[in-house]
Protein chains: 2
Amino acid sequence: MKLFEERGYEGTTVADIAERAGLTKRTFFRYFTDKREVLFSGTEIFEGTVIKGVLDAPAKASPLDAVAAGLDASAVVFEQIPDRAGKRQALLDANPELQERERAKLAGLSGSVAAALRERGVTEPAAGLAADAGMSVLRVAFERWTTDPHGQDLRKLLRDALAELKSVTA
Amino acid sequence: MKLFEERGYEGTTVADIAERAGLTKRTFFRYFTDKREVLFSGTEIFEGTVIKGVLDAPAKASPLDAVAAGLDASAVVFEQIPDRAGKRQALLDANPELQERERAKLAGLSGSVAAALRERGVTEPAAGLAADAGMSVLRVAFERWTTDPHGQDLRKLLRDALAELKSVTA
DNA sequence: GTCTATAGTCCGATAGAC
DNA sequence: GTCTATCGGACTATAGAC
């Protein structure tokens with residue numbers, strides 16, 4: 001993160017990162033398949049929290065509400081590291097190739113959420129559609145949270161975005 | 001396409017493509033910013049058709065129904081080249097880096113659709129949410145269309161997916 | 001059209017942990 | 001004695017600079 005802040009993402013080579021960490025380039029690629037991946041470590045914690053939230057939602061909750069429960073549970077993860085989340089977001093905003101990876105990760109999360117819904121007995125295509133809808137809600141809420149100067153509660157933003165979505169598709 | 005079928009996407013270098021086309025590598029990069037981009041030319045036609053469909057939808061149509069009108073209009077584009085669409089899909093399925101680009105293109109389309117909705121007077125975040133929902137519907141319908149042996153009418157699949165979405169978010 | 005930087009891979013070697 | 005982590009360096013292809 002320090003290197004990226006100093007020289008930008010493009011301006012930092014894998015060799016630079018490895019050197020700063022006291023390793024060689026070769027070893028970097030043992031830990032990260034990609035240069036991009038280095039900005040996405042820790043993602044699994046977030047994903048795990050979401051999935052747990054989906055599975056733990058009340059049995060009678062609708063598919064979309066179960067997804068919402070998962071997102072709500074995960075909000076805590078971000079709120080613990082707001083400044084790091086902000087810096088990361090700034091890097092993503094400036095680099096299309098990082099945005100591509102971000103979307104791929106979100107698509108992966110959507111797939112996992114859909115699988116969790118199926119465990120709850122939801123069938124396709126409902127599971128996939130509900131999962132995608134959740135990603136959309138997350139995107140809107142998260143964007144507001146990072147944009148807004150001293151953002152409101154992320155969980156409130158999530159609830160608001162969900163309500164908007166329901167009204168749009170009504 | 002021939003080269004990709006013979007040697008696969010990874011197994012084909014940009015130099016190979018350029019040579020087959022009677023050009024140099026340098027010239028390839030004048031036309032395509034990326035090796036990946038070569039599989040996404042012609043996309044603009046599709047995007048233009050969608051946008052036109054959104055803008056031409058009845059003034060009283062809901063945001064989501066306007067998006068549906070755009071997708072419906074675009075279905076014709078695919079149905080004209082079903083086998084090419086199938087081959088392309090097979091390449092995408094086998095290469096994660098192409099899937100990333102595909103998602104980026106879809107995200108771009110979503111942004112354009114949202115802009116078209118705003119021209120229709122729809123405000124954010126409704127416009128963005130409706131546009132994203134449309135992408136989700138498109139994904140589900142398109143997947144069924146290419147998977148299903150002798151697929152049904154793509155437009156019917158689109159209508160079905162839209163109905164599913166509405167019921168999921170109800 | 002040439003020239004160069006960088007991502008990413010492959011091979012083999014080495015050293016420490018248990 | 002095997003298993004795992006690191007290293008060094010050579011090599012290819014993409015991509016961009018000039």
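A, B, ... follow the sequence lines: proteins, then strands. Residue 1 opens every chain. All values reported here derive from a predicted model rather than from experimental measurement.
When all heavy atoms of B:Ala114 and B:Glu124 are compared, the closest pair comes out as CB-OE2, 4.2 Å. Scanning both residues, A:Pro125 and B:Arg144, for their nearest heavy atoms gives CD-NH2, 3.5 Å.
In this structure, B:Glu19 atom CD and D:dA13 atom P are separated by 13 Å, rounded to whole Å. Taking atom NZ of residue B:Lys35 and atom P of nucleotide D:dT12, one finds them 16 Å apart after rounding to whole Å. Between the CD atom of B:Glu97 and the P atom of D:dA13 there is a distance of 14 Å, rounded to whole Å. Summarising the geometry, the separation between CZ on B:Arg36 and P on D:dA13 is reported as 16 Å, rounded to the nearest angstrom. What separates CZ of A:Arg101 from P of C:dG8 is a distance of 8 Å, to the nearest Å. If you measure from atom CZ of B:Arg7 to atom C1' of D:dA13, you get 15 Å, rounded to the nearest angstrom. Rounded to whole angstrom, the span from the CD atom of B:Glu10 across to the P atom of D:dT14 amounts to 9 Å.
Figure legend: A:Arg88 and A:Phe40 shown as a cation-pi pair, the cationic atom lying under 6.0 angstrom from the six-membered ring centre and within 45 degrees of its axis. Taking the centre and axis of the six-membered ring of B:Phe46, the NZ or CZ atom of B:Lys105 falls outside the cone set by 45° and 6.0 Å. Seen from the ring of A:Phe28, A:Lys35 does not count as a face-on cation partner, given the 6.0 Å and 45° thresholds.
B:Ser74 and B:Thr49 share no side-chain donor-acceptor pair at under 3.5 Å. When only modelled atom types and interatomic distance are considered, A:Asp93 and A:Gln89 share a side-chain donor-acceptor pair under 3.5 Å.
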task = Verify side-chain contact (heavy atoms from CB on, under 4.5 Å) between B:Leu157 and B:Phe142, making sure each step is shown before the conclusion.
result = CA-CA 8 Å; B:Leu157 292 170; B:Phe142 195 76; over 6 Å; no
ask   = So A:Asp34 and A:Arg36, salt bridge (charged side-chain N to carboxylate O under 4.0 Å, His left out) or not? Walk me through it.
value = CA-CA 5 Å; A:Asp34 247 12; A:Arg36 296 171 206 95; 2.8 Å; yes
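Using a 4.0 Å cutoff on non-hydrogen atoms, the parts of residues 23-31 of chain B near DNA chain D are B:Lys25, B:Arg26, B:Phe29, ordered by number.
Overall, the helix from C:dG1-D:dC18 to C:dC18-D:dG1 carries an axis bend of 10° between its ends, with five pairs at each end and the value rounded to 10°.
Residue B:Gly11 is classed as having no contact, given no heavy-atom separation below 4.0 Å to the nucleic acid.
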